[in-house]
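Here's the structure we're looking at; comments come further down.
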Amino acid sequence: MTANEPAQAVGFIGLGVMGRGMAMSLLRRGFEVTVHNRTRAAEAPLAAAGAKTAASPAEIGGQVRVVMLCLSDTQAVQAVLFGPEGLAQTLAAGSCVIDTSTIEAQATRQYARQLAERGIALLDAPVSGGQQAAEKGELSCMVGGELAAFEQCRPYLEAIATRVLRMGDSGAGQVAKACNQVAVSAVLLGVSEAFALARSNGVDPAVVREALLGGAARSFMLEKNAMRLLQGDYRPGFRAELMRKDLRLAVACAQEAGAYTPVAATALQVLQAVCNTGHGQDDWSRVGWLIDTLSTPASADPATGGEPGGGA
């Protein structure tokens, strides 16, 4: 978009940690953004940055032809699309909904069919990269849906992501996101177990990390999330309860398709335990704390309030 081109209008619904960053990225790229959030107070920072606000999804649908969603689960997406004040009530034929939420692939396919009956396209476009990438507009976006809709919406997608790939037809984006969550959870569990193994043998896990970064074990999880484990920093970037939800979706998707995913099933059990111990609102890196606690319950570090894994 150049300085001489009119601003493209886009609606954005769902202003949580990820959605807020994506909406801000759209504003920085010069889009005319109208936002809505169920908790209306979350709209204030966007309004201060120049966004318009709307009282309901239906109000947004009456104003724009492209709407992006970033919602917590399948039920929330269904309500925003088809509820009494939903987008489907007001979006015009030829419009497109870009859903960056992580939800059930089968539900996505059903919603796409329902919207298509009204002449509205749906792209499932879940993202990966975390809060900082959302704030910088540097996410990775995995897209499912018709090619024509994908090409039409590419400018909006490229405003929030540096990597935008069409994975296939409707639901393929959600399947790809499930693959992502399986892969990253497997790596973080491996890193957590490596640190627990080091500690139980009297070896500094921070030094182990430095050694592993120079070899085949190098990964994003080892570079980033591992520091949370070493520092005992579990302030939410991506909450444990949300990763539990994502892995439930991934395991269910695997079971439906006949894929064998024992690592994902194990990671889901560990995340369930994290949530059961009252840490569902913490960052999902808490899995490392739990593994360390179960491995060496007597090694709590007094500097971190009696919780293992807080110092190196």
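Positions are given from 1, in the same order as the sequence printed here.
A donor-acceptor contact shorter than 3.5 Å is absent between the side chain of Arg244 and the backbone of Cys275. Between the Gln174 side chain and the Ile103 main chain, a donor and an acceptor come within less than 3.5 Å of each other. A donor-acceptor pair is defined here as one N or O able to donate and one able to accept, closer than 3.5 Å; such a pair exists between the side chain of Arg166 and the backbone of Gly145. Asn201 places no side-chain N or O within donor-acceptor distance of the main-chain N or O of Val203, the cut-off being under 3.5 Å. Under a 3.5 Å cut-off, the side chain of Arg20 and the backbone N or O of Ala42 do not form any donor-acceptor pair. A donor-acceptor pair is defined here as one N or O able to donate and one able to accept, closer than 3.5 Å; such a pair exists between the side chain of Thr74 and the backbone of Glu104.
Under the 4.5 Å side-chain heavy-atom criterion for grouping Ile, Leu, Val, Met, Phe, Trp and Tyr, Val66 is not connected to Val80 through any hydrophobic cluster. When hydrophobic clusters are built by joining Ile, Leu, Val, Met, Phe, Trp and Tyr residues whose side-chain heavy atoms come closer than 4.5 Å, directly or via intermediates, Val287 is grouped together with Phe238. Val17 is not connected to Val127 by any chain of hydrophobic side-chain contacts under 4.5 Å among Ile, Leu, Val, Met, Phe, Trp and Tyr, and they are in different clusters.
For the side-chain contact (heavy atoms from CB on, under 4.5 Å) criterion with Ser285, the lone passing option out of Met243, Arg235, Arg228 is Arg228. With respect to His279, the ring-ring contact (aromatic ring centres under 6.0 Å, His included) criterion is satisfied by exactly one of Trp284, Tyr234, Trp289: Trp289. When each of Leu122, Asp124, Leu81 is tested with Leu69 by the rule side-chain contact (heavy atoms from CB on, under 4.5 Å), just one qualifies, namely Leu81.
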message: Under the criterion side chain to side chain contact (heavy atoms under 4.5 Å, CB included), I'd like the reasoning laid out for Met22 against Cys70: C-alpha separation, chi angles, the key distance, then a yes or no.
response: CA-CA 9 Å; Met22 285 187 270; Cys70 186; 3.4 Å; yes
Candidate pair Gln269 and Gln272, rule side chain to side chain contact (heavy atoms under 4.5 Å, CB included), full reasoning: CA-CA 5 Å; Gln269 290 179 338; Gln272 183 64 58; 5.6 Å; no
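Here the straight-line distance linking atom OG of Ser72 with atom NZ of Lys245 works out to 7.0 Å at 0.5 Å rounding. Residue Met68 holds its CE atom at 9.5 Å from SG of Cys96, rounded to the nearest 0.5 Å. Note that the CZ atom of Arg218 and the CD atom of Glu223 stand 4.0 Å from one another [nearest 0.5 Å]. Taken from CZ in Phe12 to CD1 in Ile160, the straight-line distance is 6.5 Å, to the nearest 0.5 Å. Here Glu85 contributes atom CD and Thr90 contributes atom OG1; the two are 9.0 Å apart, rounded to the nearest 0.5 Å. Between the CZ atom of Arg209 and the CG atom of Asp204 there is a distance of 11.5 Å, given to the nearest 0.5 Å.
Counting non-hydrogen atoms of neighbouring residues, nucleotides and ligands closer than 6.0 angstrom, the CZ atom of Arg109 exceeds 12 such neighbours. Within a 6.0 Å sphere centred on CD of Glu138, other residues, nucleotides and ligands contribute more than 12 heavy atoms. For Arg113, the CZ atom is densely surrounded, since the number of other residues' heavy atoms within 6.0 Å is greater than 12. Other residues, nucleotides and ligands contribute at most 12 non-hydrogen atoms within 6.0 Å of the CD atom of Gln132.
For the residue pair Glu135 and Gln131, a side-chain donor N or O sits within less than 3.5 Å of a side-chain acceptor on the partner.
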